[in-house]
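Here is the structure we will look at, set down as structure tokens.
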There are 4 protein chains.
Amino acid sequence: MAETAETAEAQVGGIVSAQLRSLIERIERLEQEKAETAGAIRDVYAEAKGNGFDVRTMRTIIRLRKLESADRQEQEALLELYRAALGV
Amino acid sequence: MAETAETAEAQVGGIVSAQLRSLIERIERLEQEKAETAGAIRDVYAEAKGNGFDVRTMRTIIRLRKLESADRQEQEALLELYRAALGV
Amino acid sequence: MAETAETAEAQVGGIVSAQLRSLIERIERLEQEKAETAGAIRDVYAEAKGNGFDVRTMRTIIRLRKLESADRQEQEALLELYRAALGV
Amino acid sequence: MAETAETAEAQVGGIVSAQLRSLIERIERLEQEKAETAGAIRDVYAEAKGNGFDVRTMRTIIRLRKLESADRQEQEALLELYRAALGV
DNA sequence: CTGCCATTTTACCGGC
DNA sequence: GCCGGTAAAATGGCAG
């Protein structure tokens with residue numbers, strides 16, 4: 001066996017370090033992607049504004065639609081909960 | 001006039017300090033009140049559970065009702081927005 | 001005896017339903033109260049800001065004060081914050 | 001020419017409406033994409049946690065890395081974090 | 001004790 | 001260029 005205890009430990013530290021680096025780089029890549037998508041959204045709003053639409057109103061519409069969809073999902077969840085509670 | 005510049009400055013610092021203390025104490029008092037209300041809510045859930053109700057279901061119902069009310073409010077806000085936009 | 005089994009059951013269902021409604025309303029009332037207190041807290045922060053205080057620093061002070069069992073390091077941070085806040 | 005003024009106006013309204021719908025759908029699509037990327041990030045954090053890494057520390061590291069113009073103090077904090085993370 | 005959900009804090013974006 | 005408000009991230013608390 002060629003490695004002393006310290007060397008083995010160093011290897012483990014190296015491996016852990018490499019894992020950490022890999023995870024962090026993956027996250028940073030994804031965050032960049034997310035930022036780009038956010039940029040694209042901003043561009044669409046800007047385009048809309050350029051075509052005379054009111055951004056504030058658009059945001060309200062989109063928020064409302066999201067809310068309605070969340071509402072529907074909740075209703076389904078509640079129904080499912082009742083279903084389970086009643087052993088149907 | 002009895003005060004040197006330094007003394008006046010110290011007075012100002014003292015006043016600012018007293019203001020800060022007062023504001024912080026008000027906030028802490030309100031936060032305590034909020035915590036107490038949160039405790040009361042927990043108690044009601046505990047009571048409900050003791051009477052055989054399913055807490056999870058109750059939470060879902062309450063969340064849904066809040067969502068519905070938020071939805072209604074948003075719809076009104078949207079209407080109001082349109083109203084304003086059209087100069088009615 | 002005037003009630004059939006089904007009627008009695010329906011009564012029980014009605015009572016349970018009323019209990020549930022009552023519990024939910026109590027919780028909703030308390031949550032509203034809690035929201036109002038939260039609003040009051042926001043108002044105090046707004047007032048503080050209006051008087052030239054830094055809200056972020058105040059939040060930090062309050063958070064640190066909540067940790068009554070603050071270790072030495074936190075005490076130092078608190079001191080440093082006061083120092084900075086008062087421009088000493 | 002077959003269209004009255006009102007009809008032409010209705011057409012314009014229809015076109016505006018279609019434009020608005022298109023813009024909103026584009027935004028909603030992009031927001032969904034953004035949400036999916038956010039989900040992927042959460043997954044990576046979960047994986048990291050599963051491999052024994054401390055998520056809070058990782059978040060701090062990533063935040064510090066984002067501040068490319070980190071001053072010396074931050075660099076020291078980063079070093080300290082790595083040191084703690086690797087148990088040196 | 002783990003995962004989920006609510007709350008709180010931070011960051012961003014539009015408006016003035 | 002700043003302010004205010006709104007959405008996202010992060011932390012803390014609670015149920016299971």
Side-chain angles (χ1 to χ4, degrees), chain A residues 27 30-31 34-35 37-50 53-67 70 73-74 77 81 84, chain B residues 27 30-31 34-35 37-39 41-46 48-50 53-64 66-67 70 73-74 77 81 84, chain C residues 27 30-31 34-35 37-39 41-43 45-46 49-50 52 54-64 66-67, chain D residues 27-28 30-32 34-47 49-50 52 54-63 66-67:
Chain A
I27 290 167
L30 287 166
E31 287 200 337
K34 189 151 75 76
T37 307
I41 290 171
R42 237 177 297 120
D43 291 348
V44 178
Y45 276 117
E47 181 189 336
K49 187 174 188 176
F53 291 100
D54 179 56
V55 170
R56 183 174 158 75
T57 302
M58 284 180 64
R59 284 190 187 280
T60 304
I61 291 170
I62 286 167
R63 202 183 326 131
L64 183 53
R65 280 164 66 105
K66 209 183 329 187
L67 216 57
Q73 281 174 236
E74 284 283 3
L81 217 52
Chain B
I27 289 167
L30 287 166
E31 287 199 338
K34 188 151 76 77
T37 308
I41 290 171
R42 238 178 295 117
D43 292 348
V44 178
Y45 275 118
K49 188 174 187 175
F53 291 100
D54 179 55
V55 171
R56 182 176 158 75
T57 302
M58 284 178 65
R59 283 190 189 280
T60 304
I61 290 171
I62 287 166
R63 205 182 324 134
L64 183 53
K66 210 185 327 186
L67 215 58
Q73 281 174 236
E74 284 282 3
L81 218 50
Chain C
I27 290 167
L30 288 166
E31 288 200 336
K34 189 151 75 79
T37 308
I41 291 171
R42 262 199 310 282
D43 290 349
Y45 276 117
K49 186 174 187 175
D54 180 57
V55 170
R56 189 186 160 93
T57 302
M58 284 178 64
R59 285 189 190 280
T60 304
I61 291 170
I62 287 167
R63 198 183 328 129
L64 291 182
K66 228 189 307 196
L67 307 172
Chain D
I27 291 167
E28 284 177 342
L30 287 166
E31 287 199 339
Q32 186 184 340
K34 188 151 75 80
E36 279 159 13
T37 308
I41 291 171
R42 263 198 308 282
D43 291 348
V44 178
Y45 277 117
E47 180 188 337
K49 186 174 188 175
D54 180 58
V55 170
R56 189 186 160 92
T57 302
M58 284 179 64
R59 286 189 190 279
T60 304
I61 291 170
I62 287 166
R63 200 185 325 131
K66 233 193 298 200
L67 307 174

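Naming: A, B, ... by sequence-line order, numbering from 1 per chain.
Summarising the geometry, the separation between CD1 on C:I62 and P on F:dG12 is reported as 16 Å, rounded to the nearest angstrom.
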Can you list, pair by pair, the side-chain donor-acceptor contacts under 3.5 Å of residues 57-64 of chain A, counting residues two or more places apart and other chains?
unit_1, atom_1, unit_2, atom_2, d
A:T57, OG1, A:D54, OD2, 2.6
A:T60, OG1, A:R56, O, 3.0
A:R63, NH1, B:E74, OE1, 3.2
A:R63, NH1, B:E74, OE2, 2.9

Please report, to 0.1 Å, the donor-acceptor pairs under 3.5 Å made by any side chain of residues 40-47 of chain A, with sequence neighbours excluded.
unit_1, atom_1, unit_2, atom_2, d
A:E47, OE1, D:R26, NH1, 3.3
A:E47, OE1, D:R26, NH2, 3.0
A:E47, OE2, D:R26, NH1, 3.2

With B for base contact, S for sugar-phosphate-only contact and - for none (protein heavy atoms under 4.0 Å), nucleotides 3-16 of chain E reads ---SSSSS--SSS-

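Once rounded to the nearest 0.5 Å, the distance linking CG of C:L30 with NZ of C:K34 reads 10.0 Å.
D:E28 is linked by a side chain to side chain donor-acceptor pair (under 3.5 Å) to A:R65, counting only residues two or more places apart in sequence or in another chain. Residues that satisfy the salt bridge (Lys or Arg N to Asp or Glu O under 4.0 Å) test with D:E36, not counting sequence neighbours, are absent from this structure.
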